[in-house]
Amino acid sequence: MDTTTSVSSPTITEIDLLSYLIQHAVDNQFSVAVWRLPNNNTRHIILSRQHEKLKTDITLEELPTGFIFAPFDTASERIYLKADFSFSFTDDGLNEPVTPLEITSSAWLQAKRDEIKKRKAGYYHIQRTSGDTQKDAYLNVVALGIAETEKETFQKVVPSRSKAVTLPPDFDIVNAFMKLCAGNPNALISFVSTPETGSWLGATPEMLVNVEGHTIFKTVALAGTQPYREGMNLKSVAWTQKDIEEQALVERYIISCFKRIRLREYDEHGPKTVVAGNLLHLKSEFTVDMQATDFLQLGTTMLQLLHPTSAVCGMPLNAALDFLRKHEGYDRQFYAGFLGPVNFKNNIHIFVNLRCAQLLESQAVLYAGAGVTIDSVPEQEWEETEIKMNTLLNVISPVRPA
Ligand SMILES: C=C(O[C@H]1C=CC=C(C(=O)O)[C@@H]1O)C(=O)O
């Protein structure tokens, strides 16, 4: 069955279908997740009639096909969007349904075809609970963080901040999603909208847990930041001692998690310089053969151990977390939490929710943090959070003050 032509007349595009599906979710109090994996040309959308709250001790591998959405705070509830409808698009066309879920979804969409017309999709939005982090306050937290590294309370902490910008009147969520896909080929692009969490849009470069076909586990250590300019030769990019040390701490954190479960056989590659939209980072990749090591639920185990990594919290974890709770001054909500598709074709792709924005009725709240070590300079960390926020700002293109 050629679903591209049967569901949609030649003038109905992928954008029209995505807009229709998102609007349908909002009209019916369903939850919705849209995503595109890194270095992949397929966009996915699922609708969930009733999202669930997950216990922290769930086994990922046993969940039905769906999308996980977890806040930074490990004590807060994690949301699971079980896929009740599932569609994917490649090259502007709806893909041929293959799985039973896709086949029933496709039949459902066929029945709705007369309703599909060009329109902008709405999304859920909730009230913001805190204001912007003022620059002085952020510089102060960074200076306090540096002072604590000097006292050896911790070696690294990652203070973050939030900033609201006004959305342009013609803001269109599906257009913004597509622009993020085009500008960030190496990122997980995501849009999640539920009545409870409101709407979150992101382009994250940081993979947290990837399990391929119950056999291969992967995670990454990502840190160190500098601006990327088109045409730069990645092989000749130089990194400061501070960036190298900052990324090495994330590596050590991951290795310490492996040690806690006595997993000794893993491959480590890197660090190497990678592009993440408008930025460069240092990245090492860790791979484990789950069958050879007999860790068949390594995805679940490592998710419990890794989150929050030293890329978003600090090292050692508890000292850094205590510091952030005391000084950061706002609730991160889903920023620096984790998200991603679970058990689509036996694969799990969970990422840290970075470079993201929470969409309010007429504003977007941007979030970013920066790794602070003994060599940090507060003003430079502020600048780093500004350029990290640009990943989303460039796409949202808000009305900037004159
Ligand atoms: C905490 C963020 O980025 C992390 C990931 C890569 C590089 C980072 C850094 O250089 O500080 C951060 O650890 C963020 O984007 O908000």
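Both ligands and their constituent atoms are indexed starting at 1 by order of listing. One is the number of the first residue; the rest follow in order along the sequence. Not measured: the values here are computed from a predicted model.
Of the protein's non-hydrogen atoms, Gly371 N, 2.8 Å is the one closest to atom 11 (O) of ligand 1. For atom 15 (O) of ligand 1, the closest non-hydrogen atom on the protein side is Arg355 NE, 2.7 Å. The protein non-hydrogen atom at the shortest distance from atom 9 (C) of ligand 1 is Lys388 NZ, 3.1 Å.
Assignment of Ala370 to the shell around ligand 1 is supported, since a heavy atom sits closer than 4.0 Å. The shortest heavy-atom distance from Gln247 to ligand 1 is not under 4.0 Å. Ligand 1 is approached by Glu246 to a heavy-atom distance shorter than 4.0 Å.
A ring-centre distance under 6.0 Å is not found for Phe191 and Phe177. Two rings, from Phe295 and Phe217, have their centers 6.0 Å or more apart.
A salt bridge links Lys242 with Glu381; the closest basic N to acidic carboxylate O contact falls under 4.0 Å. Using a 4.0 Å cut-off between charged nitrogen and carboxylate oxygen, Glu245 and Lys156 do not count as a salt-bridge pair.
Looking at Lys156 next to ligand 1, no N or O pair under 3.5 Å apart turns up. Among the atoms of Thr225, some N or O lies under 3.5 angstrom from an N or O of ligand 1. Ligand 1 has no N or O atom lying under 3.5 Å from any N or O atom of Tyr367, backbone or side chain. Checked against a 3.5 angstrom limit, the closest N/O atoms of Gly369 and ligand 1 fall inside it. Between Tyr335 and ligand 1, at least one N/O pair is under 3.5 Å apart. Note: no N/O pair closer than 3.5 Å links Glu206 and ligand 1 by distance alone.
The heavy atom nearest to atom 4 (C) of ligand 1, considering only Ala311, Ala223, Ala368, is found in Ala311.
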inquiry  = Asp16 vs Thr13, test: side-chain hydrogen bond (donor to acceptor under 3.5 Å, both in side chains). Steps then yes/no.
reply    = CA-CA 5 Å; Asp16 300 330; Thr13 63; 3.1 Å; yes
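Leu280 and Trp239 make their closest contact through O-CH2, 3.5 Å (heavy atoms, listed as atom of the first residue, atom of the second, distance).
Ligand 1 places these atoms under 4.0 Å from at least one heavy atom of His281: 6 (C), 7 (C).
Applying side chain to side chain contact (heavy atoms under 4.5 Å, CB included) to Phe344 and the options Leu37, Thr99, Ile46 leaves one that passes, Ile46.
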